[in-house]
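In what follows, a structure is listed as structure tokens, so that the remarks can point back to it.
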Amino acid sequence: MKQRSSRTTVEKAVSNFLLHLRERNASTHTIRAYAGDLDYFSAYTGTRDSKTIDHLVIRGFLSHLYERGLSKTSVARALAAVRSLYRWLAREGVVEQNPAKLVATPRLPKKLPRVPTVEEINTILDEEMPEVAAFPERDRLMLELLYGCGIRNSELIGINLDDIRLSAEAVLIRGKGKKERFVPFGGSVSSSLAAYLPVRQQLISHAGKPTPALLVNRRGGRLTTRSVGRIIKKIAVAMGLSPDVHPHTLRHAFGTHMLEEGADLRSIQEMLGHERLSTTQRYTQLSMKHVMQVYDQTHPRAK
């Protein structure tokens, strides 16, 4: 059997794009998901030149995935991967425009899990902000704070610049009933802050409106909860997630994912700012099945 002597232009583009993601320290989950979806894409496009692929070819690719029996969610994720590939190719000057921008995201079914998976969250946070993000540095920081700290939308917009404790990697949060708590944050939030703060300072200076608010709009004013909700939904849809995603979804994901990774309920309660532990139990949908699994795995007399 005769083997191909060289890779197609699409295969080369995919290979270079995945290398780019690794260099940006994208998570292994994200790289694995993109590699799988783009492998399908390169197989479908065959020997076509990546520069000649238009929106009609990409629509044909989506139809091909449906014919293979893939769900709308999987097809939407594959489209998001192709969009990211061509956005990168456009930035590199390989192509003039992104043909995937002209292809509508499949309408996702209403009945989707309320909480995005760890892989879905990583896909959003590891990839560069989509074109719909009007203020990418700020929008990334919003996403990182909502998921990284598990805070409410109202708590997010209430954060002032002085509430950030960079050396301690913690932020002062004013919760319900004016109760204050410190919530830790990790390296992802620190990196997002480092990228956003200089841009914020420049914007505030230009607007001539001093404000204590950490998160501001293009006019230098404090963001509203409605604006945050609209921005989060727009980004989620552009990245192939359900249009049902809103700021509280990321707070819910924070609690659920920490619980799944073995964090104790008391710590989660403290970080979420719940007055009663029963609220935390209900919030993270702690099922009896999960409790029994933990018991069987951890209690000395359960074996």
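- Within the 3.5 Å criterion, the main-chain N or O of G220 finds a donor-acceptor partner in the side chain of N217.
- Side-chain polar atoms of T30 and E127 form no donor-acceptor pair below 3.5 angstrom.
- Considering only residues two or more places apart in sequence or on other chains, S191 meets the side chain to side chain donor-acceptor pair (under 3.5 Å) condition with none of them.
- Around atom CD of Q202, no more than 12 heavy atoms belonging to other residues, nucleotides or ligands sit under 6.0 Å away.
- Side-chain contact between E169 and S190 is present, with at least one heavy-atom pair separated by less than 4.5 Å.
- The side chain to side chain donor-acceptor pair (under 3.5 Å) check on R152 picks up E155, with sequence neighbours excluded.
- Summarising the local packing, CD of E270 is surrounded by 12 or fewer heavy atoms from other residues, nucleotides or ligands at distances under 6.0 Å.
- You'll find the side chain of T45 stays beyond 4.5 Å of the side chain of T8, heavy atoms only.
- Counting only residues at least two apart or on different chains, the side chain to side chain donor-acceptor pair (under 3.5 Å) pairs with a member in residues 225-239 are T224-S227.
- Among pairs with a residue in residues 134-151, those fulfilling side chain to side chain donor-acceptor pair (under 3.5 Å) read Y147-H257, at least two apart in sequence or across chains.
- For residues 203-222, there are no salt bridge (charged side-chain N to carboxylate O under 4.0 Å, His left out) pairs, not counting sequence neighbours.
- Annotation: the span from I124 atom CD1 to I235 atom CD1 amounts to 8.5 Å, rounded to 0.5 Å.
- The aromatic rings of H248 and H252 sit perpendicular to each other, their planes meeting at more than 60°, with 30° as the lower class boundary.
- Using a 4.5 Å heavy-atom cutoff, the side chains of S84 and Y34 are in contact.
- Using modelled atom types, no side-chain atom of Y40 and backbone atom of A35 make a donor-acceptor pair closer than 3.5 Å.
- Salt-bridge annotation for D163 and R174: present, with a side-chain N of the basic residue lying under 4.0 Å from a carboxylate O of the acidic one.
- You'll find the side chain of I121 stays beyond 4.5 Å of the side chain of T117, heavy atoms only.
- Looking at residues two or more places apart in sequence or on another chain, you find no side chain to side chain donor-acceptor pair (under 3.5 Å) involving N98.
- Not counting sequence neighbours, the partners of F135 by the ring-ring contact (aromatic ring centres under 6.0 Å, His included) test are Y196.
- Tested against I53 for a side-chain contact (heavy atoms from CB on, under 4.5 Å), the candidates V10, T9, V82 yield a single pass: V10.
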N/O donor to acceptor pairs below 3.5 angstrom from side-chain atoms of residues 15-22, sequence neighbours left out:
| residue | atom | partner | partner atom | Å |
| --- | --- | --- | --- | --- |
| S15 | OG | R7 | NH1 | 3.4 |
| N16 | ND2 | K12 | O | 3.3 |

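- The number of heavy-atom neighbours closer than 6.0 Å to OH of Y44, taken from other residues, nucleotides and ligands shown, is above 12.
- The salt bridge (charged side-chain N to carboxylate O under 4.0 Å, His left out) contacts involving residues 28-38 comprise D37-R77, where partners must be two or more places apart or lie in separate chains.
- In this structure Q201 satisfies the side chain to side chain donor-acceptor pair (under 3.5 Å) test together with S205, sequence neighbours excluded.
- Residue pairs satisfying the salt bridge (charged side-chain N to carboxylate O under 4.0 Å, His left out) criterion with at least one member in residues 90-101, sequence neighbours excluded, are listed as follows: R91-E128.
- In this structure a side-chain-to-backbone donor-acceptor pair under 3.5 Å is present from R83 to V103.
- Counting only residues at least two apart or in different chains, salt bridge (charged side-chain N to carboxylate O under 4.0 Å, His left out) contacts with residues 39-68 are absent.
- Summarising the local packing, CD of E119 is surrounded by more than 12 heavy atoms from other residues, nucleotides or ligands at distances under 6.0 Å.
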